[in-house]
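Accompanying notes for the structure given below.
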Amino acid sequence: MANYNYMARDILQKEFKTKMRGYDPVEVDEFLDGIIKDYEMFNRELLELREENHRLVAKVDQLTKSTESLTRMRQETPKTVNTATNFDILKRLSNLEKEVFGNRLVDSDNQDTLDETKQF
């Protein structure tokens with residue numbers, strides 16, 4: 001914590017020496033009372049800001065950890081998803097070819113097999 005020259009109590013209890021041509025004590029007291037109020041308000045605000053800062057730093061740490069774990073999960077997940085997705089796409093494509101081309105695809109495969117066996 002900072003090293004202050006005066007605390008609110010020090011200002012409140014300060015007594016000035018009076019001289020013949022000195023300051024008006026009532027005016028000085030009123031001015032110091034205003035300074036004390038400001039000083040106490042600044043201290044309260046400083047404490048609130050410190051508490052908020054600690055709370056926000058903790059939240060940033062928590063969010064950073066969450067982000068790191070999500071990043072790790074995202075790096076691991078696409079490998080399995082892409083493999084399953086590619087397999088599903090190939091399976092669907094095969095089924096679609098069978099539906100569109102029907103027996104022609106099966107007949108041409110059989111014809112190719114027969115042609116290959118005739119060559120030997």
Value rounded to 0.5 Å, distance of [atom1] in [X] from [atom2] in [Y]:
X	Y	atom1	atom2	answer
His54	Leu49	NE2	CG	11.0 Å
Glu45	Asn43	CD	CG	10.5 Å
Glu27	Leu32	CD	CG	10.5 Å
Leu46	Met41	CG	CE	12.0 Å
Arg92	Glu99	CZ	CD	14.5 Å

Shared ILVMFWY cluster between Tyr23 and Leu12, side chains joined below 4.5 angstrom? yes
Is there a continuous path of hydrophobic side-chain contacts, each under 4.5 Å between heavy atoms, that joins Val28 to Ile36? yes
Quick one: does any side-chain atom of [X] pair with a main-chain N or O of [Y] as donor and acceptor, under 3.5 Å?
X	Y	answer
Tyr39	Ile11	no
Thr64	Val60	yes
Asp10	Met7	yes

Tell me, do Val57 and Asp61 make a side-chain contact under 4.5 Å, heavy atoms counted? yes
